[in-house]
Every structure is written in C-alpha cells, then in structure tokens.
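Here is the structure we will look at, set down as structure tokens.
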2 protein chains.
Amino acid sequence: MSAANTGVPSPLDTALPSPVPSEEHERCPVAGVLRRIGDKWTVLVIVLLGQRPHRFNELHRGIEGISQRMLTRTLRGLEEDGLVNREVFATVPPSVRYSLTPLGRSLLSPLSALATWAVENQSAIAASRRAGSVRAGG
Amino acid sequence: MSAANTGVPSPLDTALPSPVPSEEHERCPVAGVLRRIGDKWTVLVIVLLGQRPHRFNELHRGIEGISQRMLTRTLRGLEEDGLVNREVFATVPPSVRYSLTPLGRSLLSPLSALATWAVENQSAIAASRRAGSVRAGG
DNA sequence: CTGTATCCAACCAGATACTG
DNA sequence: CAGTATCTGGTTGGATACAG
C-alpha cells in the first residue's frame, strides 16, 4: 500500500504514459533496466563486484556455472552501459580488474531493496507455485 | 555508496553465500526475482495492475504490442507465483478481472525504487552506450 | 470477451576448441 | 590469465487460426 493508487505519483507510472506504440522500450525505463539485469548472470556479477573489484577468473570461479563466454558477454554489456569499469594491467601473466563505476554502485541500493523483497517473499512464492492449481478453492 | 563494502551486511549478499554449485537459483533470490520479472512484458503488467484492476482486453489494449498469447502466459506466470489474482465473472459476454495480490502489491515498492533509478540514469546509460568504444581514453 | 493450439523466427546460453 | 570463434540445443516471443 505504498505505490498503489493512493494518489501519489509513482516513478513506475513512467512505464505507461499512454498506449503509444513506441519504437523501443523508451516508454518504460524500468522494463529496460529489468531486461538488462534480468538475464541469467548480470545480477550475480553486479553483486560480486559490489563487494569489491574482481579479476576475470575470480568472477569465473566465484559465480560457478558461468562459462567464459557468458562472463565475457555479461561484462562487456555492463561495461558498454557504463556500469562496470575494466582495467587492463600489462603484467605477466596479464590481469584485468573489473569494478563497478559510480553508476554501477548507484544501482546497488535499488537492487538491495529488491533483494530484501526477494528474501522475504521467496518462500511465499515457492508455496504459491507448489499449490499449482492456481485456483482459489484449492 | 550505500550497499557497497561499507561493512554493513546487505541482502544482496544472500546472492553469493559461497561458490556452492547449487541445483537451482536458490542461491540467489534476487536473480530468481529478476528472471521472473525481467522478461519482456511482466513488469508492464505489474505496473498496470498496480494502478487498478484490469480486464484482459484492457491490459491487451493498454500495453500495445503484446499478443494475446504472451499476455496470457505472463498473467498465468504471475498468477502461479501468487502475485496476481484472477477473477472470472460468468457474465455475457464473459469477463475476467486481474488484480495484484497483497504479495504483488508489496513488490511495487522495490520496483518503484528501481524505476526511480532507471529514470534518473537512463540518459547516462544511453550516453555510455552511444560512446560505443567502451574505452576510458575517449 | 477470453482464451488455446500450432507453427516459426530470433535470441540466449552452454560446450568445446583455439589464441595472445 | 583472459579472452575469442564456432556450433548447437533450449527458451522466448510473435503470427495466425481456432474455440468456449
């Protein structure tokens, strides 16, 4: 009962100003962000980098299950959006340090809010999912 | 500068307790939520239902671009997770009313936080993306 | 009005092999 | 250590036709 129809304007309302066609997801910044961080690995990388900078193989080992290819793609995507910084050191062997940019760090707060919600309600969701029939009477 | 390594434990930390294999995304509730609402339409539906209950075709017209199939799938998924309530009225013609459950409404707050971030930073992201080269020197 | 069924294209993601 | 290239399977999403 916080962001519902209490009369207060919500930033969520920017999602649907009107049923205008839209050429992109310009109509809904939230949807854009969700699509960006809603893939399989991105949020894991962000969280890990939110703790401290990591090297490539540190991330690779830390995430467990991600392939080199997907880690690279994920990092490139984050870098392109200015959320992650990439520093190459010409050492032997070479090393690359990934860290969150200020923009990336600023995402941690809203992400944390979502994490809190997820932790508190995951059991409710799981229970509802197990109920299966999706019907009231049960 | 809020959920970073300031010493305070963050709910985001539940994402990576340790590099344990994990059979599912139990290891990271956030990732699970993001995957759920990170698809193309879910957040749009949630936002719309956050304003008020809607009928099927109201949503269909309101979202503009979604197909019947995807709207149904999206609603079914949300219903199965207990985020959306579905009420069938045996009128002529038949009508169905969709609304957010308390659980669904509780998601609006963290979603709103993310929306605020998205609105404030979408231009920065777009700029960084246009920069293209992804290099510091620029 | 509110869906379901089928078919199909595009993208995502994993395995593997190879490179500097 | 830090990637890239290629191939392939699975999933997502859209068009269309059909049904209660």
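Computed from a predicted model, the values in this text were never measured in an experiment. Sequence lines set the chain letters: A, B, ... in the order given, protein chains first and strands last, and positions in each chain run from 1. In what follows, every heavy atom counts, from backbone to side chain, and hydrogens, waters and symmetry copies are set aside.
With DNA chain D read from its 5' end, the first of the two nearest nucleotides for G38(B) and N57(A) is the one closest to N57(A).
The CD1-C1' distance, from I66(A) to dA13(C), rounds to 10 Å in whole Å. Atom CG in D39(A) sits about 21 Å away from atom P in dA10(C), given to the nearest Å. Here the P atom of nucleotide dT2(C) and the CG atom of L59(B) are 9 Å apart, to the nearest Å. Distance R76(B) CZ to dT2(C) P: 12 Å, rounded to the nearest Å. dT2(C) atom P lies 19 Å from atom CE of M70(B), rounded to whole Å. Going from atom CZ of R36(A) over to atom C1' of dC12(C) covers 13 Å, rounded to whole Å.
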Got a list of protein N/O to nucleotides 15-20 of chain C N/O distances below 3.5 Å?
none

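Note that the first and last nucleotides of DNA chain D, 5' to 3', having any atom under 4.0 angstrom from a heavy atom of chain B are dG13(D) to dG20(D).
Not counting sequence neighbours, the partners of T91(B) by the side chain to side chain contact (heavy atoms under 4.5 Å, CB included) test are F89(B), S95(B). With sequence neighbours left out, the side chain to side chain donor-acceptor pair (under 3.5 Å) criterion links R69(B) to no other residue. Under the rule for a side chain to side chain contact (heavy atoms under 4.5 Å, CB included), the partners of Q68(A) that lie at least two apart in sequence or sit in another chain are F56(A), H60(A).
Put simply, K40(A) has a side-chain N or O that comes within less than 4.0 Å of OP1 or OP2 on dG14(C). Side-chain nitrogen and oxygen atoms of Y98(B) include at least one within less than 4.0 Å of the OP1 or OP2 phosphate oxygen of dG3(C).
The shortest distance between side-chain heavy atoms of L111(B) and I37(B) falls below 4.5 Å. Within the 4.5 Å cutoff, the side chain of L59(B) has no heavy atoms near those of the T74(B) side chain. Looking at heavy atoms from C-beta onward, W41(A) lies out of side-chain contact with L71(A) at the 4.5 angstrom threshold. Counting only heavy atoms from C-beta outward, the side chains of V84(A) and I46(A) never approach each other to under 4.5 Å.
When every heavy atom of V88(B) is checked against every heavy atom of R86(B), the shortest pair comes out as CG2-NH1, 3.8 Å. Summarising the geometry of A115(B) relative to V30(A), their closest heavy-atom pair is CB-CG2, 3.6 Å, with the distance given to 0.1 Å. Across all non-hydrogen atoms, the minimal contact from K40(A) to R35(B) is N-NH1, 3.0 Å. Looking at every heavy atom in both residues, E80(B) comes nearest to S128(A) through O-OG, 2.9 Å.
Note on the helix from dC1(C)-dG20(D) to dG20(C)-dC1(D): terminal axis deviation equals 40°, with five pairs used at each end and the result rounded to 10°.
Residue contacts shown for R97(A) are absent, as no nucleic acid heavy atom lies under 4.0 Å away.
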